[in-house]
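This report refers to the structure that appears directly beneath it.
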2 protein chains.
Amino acid sequence: MSEYTPRSAEEAAFLTAYAPKEYPSIAYTADIVIFTIVNGRLSLLLVKRGGHPYKDCWALPGGFVNFDESSEDAASRELEEETGLGISSSFLEQLKTYSTPNRDPRMRVVSTAYIAFIPYEELGNPEAGDDASDAHYFAIEDLFSDDENIELAFDHETIIRDGLERAQSKLEYTPLATQFLPETFTLSDLRRVYEAVWGTQLHVGNFRRKVLNTPDFVTPLGSKGGSTFGEGRTAELFKAGKTILLHPAILRGENK
Amino acid sequence: MSEYTPRSAEEAAFLTAYAPKEYPSIAYTADIVIFTIVNGRLSLLLVKRGGHPYKDCWALPGGFVNFDESSEDAASRELEEETGLGISSSFLEQLKTYSTPNRDPRMRVVSTAYIAFIPYEELGNPEAGDDASDAHYFAIEDLFSDDENIELAFDHETIIRDGLERAQSKLEYTPLATQFLPETFTLSDLRRVYEAVWGTQLHVGNFRRKVLNTPDFVTPLGSKGGSTFGEGRTAELFKAGKTILLHPAILRGENK
DNA sequence: GTAATAGTGTCTGTGAGACATTATGGC
DNA sequence: GCCATAATGTCTCACAGACACTATTAC
């Protein structure tokens, strides 16, 4: 690839003469877990598979990584192709790579999964695109409830559970929660994000104190407005602060 | 692959008839960062490259993932082949996957990196094997010091820095530190592990109190013995406890 | 004996969690 | 006016960090 400057004449000669050796033929894909909050519930985007295998099962958006793109870029591109949603690759966080030999019954496929966190209001509704017969958001609790019996393709249930865990723990020590909200929000909105992701009820007063005691987590705007989630009465508005790490963290130790 | 039971007759027919489609030809490798403590300093294992590109540079042990093995298994196997060291794949923790298109000047290579933590005493010395002209441990501080000027191959410096960060933060909330030590150790030994990995000096008394206040982190053996690192006088011996998560955690907040 | 390290005790500040109370605004 | 929620205050406990002090053992 062009950017590389050989370290010696000998190495340059080696590279010019280089003929690719045989290596195992492994397909490489990227999948993406998009979390958002719909009606106060943590949800994620799935697409319905239009073809075999796992036809009509629900799957994470994703697909092959092209020869000249990173897996981040591939995740972002595939998302656009399959759902019409645009998320820059810089908002994606790498979750984990799944490489069990038989995770796809067709052939050997290794997949790197990414996660993203988006305010529902900004995202709009997905439209089913390439290879997908449908696309919409599922609340996590419905997804894993026995009543609903939603069938997931491949090992995507594992990926989703790993992603959920990552999201839950990132909420503790990063300002991730603000990414689920529009630019301005109330502390109740913020609290509802924590409650949705952790699946717990938090104590209103203590939560407020903790958030305000964490420097640069949120910045008060000095004005009042209604909650984004449309509940409660008007309250003080905030925007996201400039910190990247929460000190002290907002911990979920059995707490309330 | 054989384990999969088709979900319908139609799907079975599809799979039987399936002819692999074209997909980008991407090579897949696994690399491994092995941390250990040598003479009280955090060190890692590197092998000297025997061939181009990056001939004579130092690189992480690693290599191609075979068609029928996971990347964990590949990491473990390659380690054995290149250095003669045996580490079960279950002791490996996945770090991250590196997929920038031009990270290898020969061809498109995606690599999943793993980390492992091993007591130096149990590991023995590595021997250069396949493709490697030398193999030994480097102290992290030497590796990144300007004096030494050690040349690292590919993007392995990035991988090592990511791995170091992971190790440092895992030390806080998991009993990882005990993995660097033999079965029995003193609290000084344990403290020296933290000091080596974090690159800081810790307060002896406070450290002791914190460790003993964390349930099931270490179990006293009721006997005394010398330090593994050969320093200090005899002290109470401990072995690793049975907890997987430290509560409370051993934090490194500017602390001492 | 001396010096270094092992090990114990105490004080202070911070933050979490529980709980009580007041303020505000929609209905 | 009623009620849910916003917002503030107070108490207790747990733990981090600082520091002082005693005990043990290698030399």
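These values consider heavy atoms only, across backbone and side chains, with no hydrogens, waters or symmetry-generated copies. Each chain gets a letter, A, B and so on, in the order the sequences are listed, and its residues count up from 1. Owing to the predicted nature of the structure, the values given are computational and were not obtained by experimental measurement.
Here the CZ-OG1 distance, from A:F117 to A:T174, works out to 8.0 Å after rounding to the nearest 0.5 Å.
Of the two residues contacting DNA chain D, namely B:G205 and B:A249, the nearest-nucleotide position lying further toward the 5' end is that of B:A249. Each of A:S227 and B:P248 was assigned the nucleotide of DNA chain D with the nearest heavy atom; the assignment lying further toward the 5' end belongs to A:S227.
Atom pair A:N206:CG and D:dC13:C1' shows a separation of 14 Å (rounding to whole Å applied). When the P atom of D:dG9 is taken as reference, atom CZ of A:R209 falls 12 Å away, rounded to whole Å. Atoms CZ (B:F207) and P (C:dG7) sit 12 Å apart, rounded to a whole Å. In this structure, A:L237 atom CG and D:dA7 atom C1' are separated by 15 Å, rounded to whole Å. A:D189 has its CG atom 13 Å from the C1' atom of D:dA6, to the nearest Å. Atom CZ of A:R208 is separated from atom C1' of C:dA23 by 12 Å (rounded to the nearest Å). If you measure from atom CD of B:E236 to atom C1' of D:dT24, you get 13 Å, rounded to the nearest angstrom. Put simply, CG on A:L212 is 17 Å from P on C:dT14, counting in whole angstrom units.
In this view, A:N39 satisfies the side-chain contact (heavy atoms from CB on, under 4.5 Å) rule with no residue, not counting sequence neighbours.
Look at B:K210 and you'll find a side-chain N or O under 4.0 angstrom from OP1 or OP2 of D:dG17. A close approach under 4.0 Å does not occur between any side-chain nitrogen or oxygen of B:R233 and OP1 or OP2 of D:dA26. The shortest distance between the side-chain N/O atoms of A:K224 and the OP1/OP2 oxygens of C:dG25 is below 4.0 Å.
With hydrogens and angles left out, the side chain of B:N213 and the base of D:dA14 share no donor-acceptor pair within 3.5 Å.
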Between B:F154 and B:Y98, is a ring pair (Phe, Tyr, Trp, His ring centres under 6.0 Å) present by the stated rule, with each step listed?
CA-CA 11 Å; B:F154 309 106; B:Y98 298 82; over 10 Å; no

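Counting only heavy atoms from C-beta on, B:T234 has its side chain closest to D:dT25 among D:dA16, D:dT25, C:dG25.
The list of side-chain hydrogen bond (donor to acceptor under 3.5 Å, both in side chains) pairs with a residue in residues 180-190 of chain A, not counting sequence neighbours, reads A:T186-A:D189, A:D189-A:S227, A:D189-A:T228.
A cation-pi contact, defined as under 6.0 Å to the ring centre and within 45° of the axis, links B:R161 to B:F144.
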